[in-house]
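Because the structure is predicted, anything quoted here is derived from the model rather than measured. Protein chains get the first letters and strands the later ones, always in sequence-line order, with residue 1 at the start of each.
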Amino acid sequence: MESKTWPVLRSWNRAIFSKEEKAVQEKYNYHDIERKWQARWEESSLYRVTEDPHKKKYYCLEMFPYPSGNLHMGHVRNYSIGDVVARFKTMQGFNVLHPMGWDAFGLPAENAAIKHGIPPYKWTVDNIANMKRQLKSMGLSYDWKREATTSFPDYYKWTQWLFLQLYKRGLAYKKQGYVNWCPSCATVLANEQVVDGACERCETPVEKKALEQWYFRTTAYAQELLDSLVDLPGWPEKVKIMQENWIGRSEGAEIYFTEEKSGEKIAVYTTRPDTTFGVSYVVLAPEHPLVEKLIANTSYEKPVKAFVKKVQKMSEIVRTSAETEKEGMFIGVYVINPVNQEKVPVWVANYVLYEYGTGAVMGVPAHDERDFMFAQKYNLPIRVVIQPHPAADGPANELSASEMTEAYVGDGKMVNSGKYSGMPNREGGRTLAEDLAKEGAGQVKVNYRLRDWLISRQRFWGAPIPIVYCEKCGAVPVPDDQLPVLLPLQVEFRPTGESPLNSIPEFLHTSCPQCGGPAKRETDTMDTFVCSSWYFLRYTDPKNTAQAFAKEKADYWMNVDQYIGGVEHAILHLMYARFFTKVLADIGLVSVREPFQNLLTQGMVLKDGAKMSKSKGNVVSPEEIIEQYGADTARLFILFAAPPERDLEWSDQGVEGCFRFLNRVWRLVYHYLEDVRQQKELLVETEQLSQDDKAIRRLLHGTIKKVSEDIEQRFNFNTAISAIMELVNGLYHYREKAGQNKKLLRECMETLIVLLAPFVPHLSEELWECLHTGTGKGESVHRQPWPQYEPAALEAEEIEIVLQINGKVREHLLVPAGISREELEKRALATGKVQGALEGKQLVKVITVPDKLVNVVIK
RNA sequence: GCGGCUGUGGCGGAAUUGGCAGACGCUCUAGAUUCAGGUUCUAGUGGGGGCAACUCCAUGGAGGUUCAAGUCCUCUCAGCCGCACCA
């Protein structure tokens, strides 16, 4: 740690701080104190930061909020945690970037416009103003000069510019596809935004629609997004597992089955090429284009079409549920299995997904649960091609198709599989896939569950996609010098389900940037997750009008050393931001390939065991709490009540307790104020200390050690705070002792206040000022170096040893520190307790742990 | 169904490396201060037994390893979260 050498500031505006002896109020008046310091910090630009090549940087970031208009307790928790980290790192001597901004595009602004006739931009800026006021009342150490707002043209200009960078590299493209449509939001949704077949925002069941939409090619980065998770040891395992599942990599093979009459090839994807000899049918997804083609002008055309229609009518929830009955229909054609030239029927069935793999699968009833059920229902043949390895002892449990009641999906020996028979299935499957590839009848294939990211939204309040459609030239990107494509400010909102941009001729009609002819603008806007995929980069250079951000600045600050936010973003935002960072790295705009080095996912704030919500009526308003107890109390409670990752149960009485503690601190410092003011120096030598003095100093330095470690290594603010409470309790007791050392008192008071500074910035700043009038050390407590503990001060002369007999605590021994194992054992055995217990018994063993415990085993 | 997390006093939680279970806070009880209430200060506050010294029981449950287990192993129960016809 470099705190000791860290130079005290240069630019502090000393005039702001009074040099006069300050009259201190006896009572802790949080209201005046908080207002006073918030104003002074702002006047003196205490929290401004700039790049400084001579200092080690630290980028502390909390997920920026959607400006709903009011801060809730989840925000308070998120930002309190981040503020402790930022302040602590600053005191440790790091150059700390701690910014804040607004994820300001999105549906609620449009809903407000429809409902109340307020223009979205107005609604948004008003909400921002209110939330900013609330944030400022919390006393957070943000550099507000770096504020970024995604819905402002100076920001979304660069969102559009980044879109075009992706477009130029083929990473943004338009395609026709079956997409998720939320009828209530009247827009399409990304896969990630569909939860249990419903819209994640409004819970309306999602419909499938065939539409032409814009996509980002996230699949091009699927493998890297998966691989580089191992480069993130500072991320919670849980989040990494969720991302891993979402990417859903699987290894297998594509195998081509040829239709006997037309020669049409059906590609199926399987992870089990070892079971290819067991295929008894092939199934196509209802949406598969070959279905229509193969049944054209046959007697099967009518019934199959009716079946397909019926399946497509099912809601997404019902259709993708594992419980839904598997249904299918033979479509009248046969294909040839390339491994054995067998003729197998082609079916269409509701359980095959068109979006995954090739949209077609081979049915192997003996070795796949779904295929087994399907085969039983429709009387399709079952053929065993894998025999389980016989158990070590018991009888051979040979499978036979007629006796099977469920599929065997385990490993084993290949049988009935031509030249592969006898091989272990894993190895045989690999060989078989390679052989098929050589013959042109298949290929080894890796598949991902991850799809490309659908980014177009049929909404108004988002960044317009900067594309123009020309009758002659087709889709043409808007040239950089014509950015941003501005959203019109005056818009009429009617709940028509169509983007209002379509009904604004001035927006819609434009000229082609290429040929100058008449052209129409793209009226879809971008998913708001696009805006939040790069905001952490904008913070490094927020005022840049020539670039999204200067590379040198991004390179100085990136990556984010500590990112803090809710676990609900484990997949969406965090995956998209990772994708963007990798793309930007490949373009050469940044040097890092991962945006967030360490991630902390905080738990929810609960009341009466449930998440706070209006419908449950258990919402506690941060504004009211701050009004009633002050921001310092609110922050302290929320940090003290639980460690950050866990859910936190709100308790009004717990808040009272924290308020009481701060009053206790206030009274303690007030009590000693005169003594401390008389004594301008800190303790240097320790020889003349009394036993009481030594004890309190040991407590003090033990607290420094504990608080430092709890913040730095574990983010366990709750135990850090409890250690400070113990110190305060100790100091109260010390007050009763006679003849206190005044230098020591100053050391205790100063250290106590500095330790409290990251948690309760206003109170500690006020007390620091009270303590330092006239000492020349009166600059902000938040510019003080973090204290170091003295190992020597921790050493006690006597140590309490636990004496156990047969593993049970029987006595405590007071012994000189550092005595030898032998001496300790000797003393333990000499005690009356042990001697008594030994009477008539035998000493079996003595376990001695120096400085800790002795366990005497007696029989 | 698969994967993950969490189970400790009346409550929130602590015990970081296998070494005194319950730190700290809330609640509650008593004493001091006070006309009184509140505030504040002091002491106590897991359960059972005992006048007491003391002692037994106790970390969702059942086993096990160990001188020693909240912590390690096996099985099991409950709650929460994520994924789920992904071939």
Name the closest nucleotide to the [X] side chain, picking from [options].
| X | options | result |
| --- | --- | --- |
| A:Asn729 | B:rA14, B:rC85, B:rG25 | B:rG25 |
| A:Thr271 | B:rA87, B:rC83, B:rC20 | B:rA87 |
| A:Arg449 | B:rC56, B:rC86, B:rU16 | B:rC86 |
| A:Arg451 | B:rC86, B:rC85, B:rC20 | B:rC86 |
| A:His733 | B:rA84, B:rG19, B:rU42 | B:rU42 |
| A:Tyr732 | B:rG13, B:rC85, B:rC41 | B:rC41 |
| A:Lys852 | B:rG13, B:rC20, B:rG19 | B:rG19 |
| A:Arg370 | B:rC86, B:rC67, B:rG3 | B:rC86 |

If we call it a pair only when both distances are under 3.5 Å in a Watson-Crick or G-U wobble match, what pairs with [N]?
| N | result |
| --- | --- |
| B:rC2 | B:rG82 |
| B:rC24 | B:rG12 |
| B:rG7 | B:rC77 |
| B:rA69 | none |
| B:rA52 | none |
| B:rU59 | none |
| B:rU17 | none |

[X] vs [N]: side-chain N/O to OP1/OP2 distance below 4.0 Å:
| X | N | result |
| --- | --- | --- |
| A:His671 | B:rU40 | no |
| A:Tyr356 | B:rA87 | yes |
| A:Arg667 | B:rC41 | yes |
| A:Arg714 | B:rA15 | yes |
| A:Arg249 | B:rC86 | no |
| A:Arg810 | B:rU55 | yes |

Q. Taking the six-membered ring for Trp, are A:Tyr269 and A:Tyr356 parallel (under 30°), tilted (30 to 60°) or perpendicular (over 60°)?
A.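 Taking A:Tyr356 first and then A:Tyr269, their aromatic rings stand perpendicular (interplane angle over 60°).
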Q | Parallel, tilted or perpendicular: rings of A:Phe717 and A:Phe759 (30°, 60°) | A |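 Geometry flag for A:Phe717 against A:Phe759: perpendicular rings.
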**Q.** Test salt bridge (charged side-chain N to carboxylate O under 4.0 Å, His left out) applied to A:Glu726 - qualifying residues, sequence neighbours left out
**A.** none
Assert yes or no for the condition that the ring centre distance of [X] to [Y] is strictly below 6.0 Å.
| X | Y | answer |
| --- | --- | --- |
| A:Trp453 | A:Phe529 | no |
| A:Tyr281 | A:Tyr378 | no |
| A:Tyr629 | A:Tyr30 | no |

Would you indicate what [X] reaches in the nucleic acid, counting non-hydrogen atoms under 4.0 angstrom: base, sugar-phosphate, or nothing?
| X | answer |
| --- | --- |
| A:Ser250 | sugar-phosphate |
| A:Val352 | base |
| A:Asn447 | nothing |
| A:Glu237 | nothing |
| A:Lys326 | base |

**Q.** side chain to side chain contact (heavy atoms under 4.5 Å, CB included) partner of A:Met604, the single match among A:Lys611, A:Arg77, A:Met73
**A.**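 Exactly one option meets the side chain to side chain contact (heavy atoms under 4.5 Å, CB included) with A:Met604, and it is A:Lys611.
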Q) Per the side chain to side chain contact (heavy atoms under 4.5 Å, CB included) rule, which among A:Met373, A:Lys377, A:Gln376 passes with A:Lys326? A) A:Met373
Measure the distance from [atom1] on [X] to [atom2] on [N] and round it to the nearest whole Å.
| X | N | atom1 | atom2 | value |
| --- | --- | --- | --- | --- |
| A:Leu639 | B:rG13 | CG | P | 15 Å |
| A:Arg646 | B:rU8 | CZ | P | 9 Å |
| A:Ile638 | B:rG12 | CD1 | C1' | 13 Å |
| A:Met604 | B:rG82 | CE | P | 9 Å |
| A:Met575 | B:rG82 | CE | P | 16 Å |
| A:Tyr629 | B:rU39 | OH | P | 12 Å |
| A:Leu636 | B:rC24 | CG | C1' | 12 Å |
| A:Asp710 | B:rC24 | CG | C1' | 12 Å |

Q | Full working for salt bridge (Lys or Arg N to Asp or Glu O under 4.0 Å) between A:Glu327 and A:Lys310 | A | CA-CA 11 Å; A:Glu327 279 187 90; A:Lys310 188 181 121 193; 3.3 Å; yes
Q: Let me know, please, whether A:Arg272 or A:Lys833 comes out on the 5' side of the other along RNA chain B by nearest nucleotide.
A: A:Lys833
Q. Between A:Ala360 and A:Ile847, which is nearer to the 5' end of RNA chain B once each is assigned its nearest nucleotide?
A.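 Result: A:Ile847.
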What N/O pairs connect the protein and nucleotides 21-23 of chain B at under 3.5 Å? Give each pair on its own line.
from: B:rA23; atom 1: O2'; to: A:Glu726; atom 2: OE1; distance (Å): 3.3
from: B:rA23; atom 1: O2'; to: A:Glu726; atom 2: OE2; distance (Å): 3.2

Q: Verify whether one side chain among A:Asn447 and A:Ser250 offers a donor that lies under 3.5 Å from an acceptor in the other.
A: no
**Q.** Interatomic distance, A:Arg449 atom CZ to A:Glu355 atom CD [nearest 0.5 angstrom]
**A.** 11.5 Å
**Q.** Carboxylate-amine/guanidinium proximity below 4.0 Å for A:Glu839 and A:Lys841
**A.** no
Q. Side-chain donor or acceptor of A:Asn855 under 3.5 Å from a matching atom on the base of B:rC67?
A. yes
Q. Quick one: the side chain of A:Lys845 and the base of B:rC67, do they pair up donor-acceptor inside 3.5 Å?
A.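 Checked by distance alone, the answer is no.
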Q. Taking syn as any angle within 90 degrees of 0 and anti as the rest, which one fits B:rG9?
A. syn
Below 3.5 Å between N/O atoms, which protein atoms pair up with nucleotides 26-28 of chain B? Just atom names and distances, please.
from: B:rC26; atom 1: OP1; to: A:Arg660; atom 2: NE; distance (Å): 3.1
from: B:rC26; atom 1: OP1; to: A:Arg660; atom 2: NH2; distance (Å): 2.8
from: B:rU27; atom 1: OP2; to: A:Arg660; atom 2: NH2; distance (Å): 3.2

Q. Near A:Glu203 CD, under 6.0 Å, is it more than 12 heavy atoms from other residues, nucleotides or ligands?
A. no
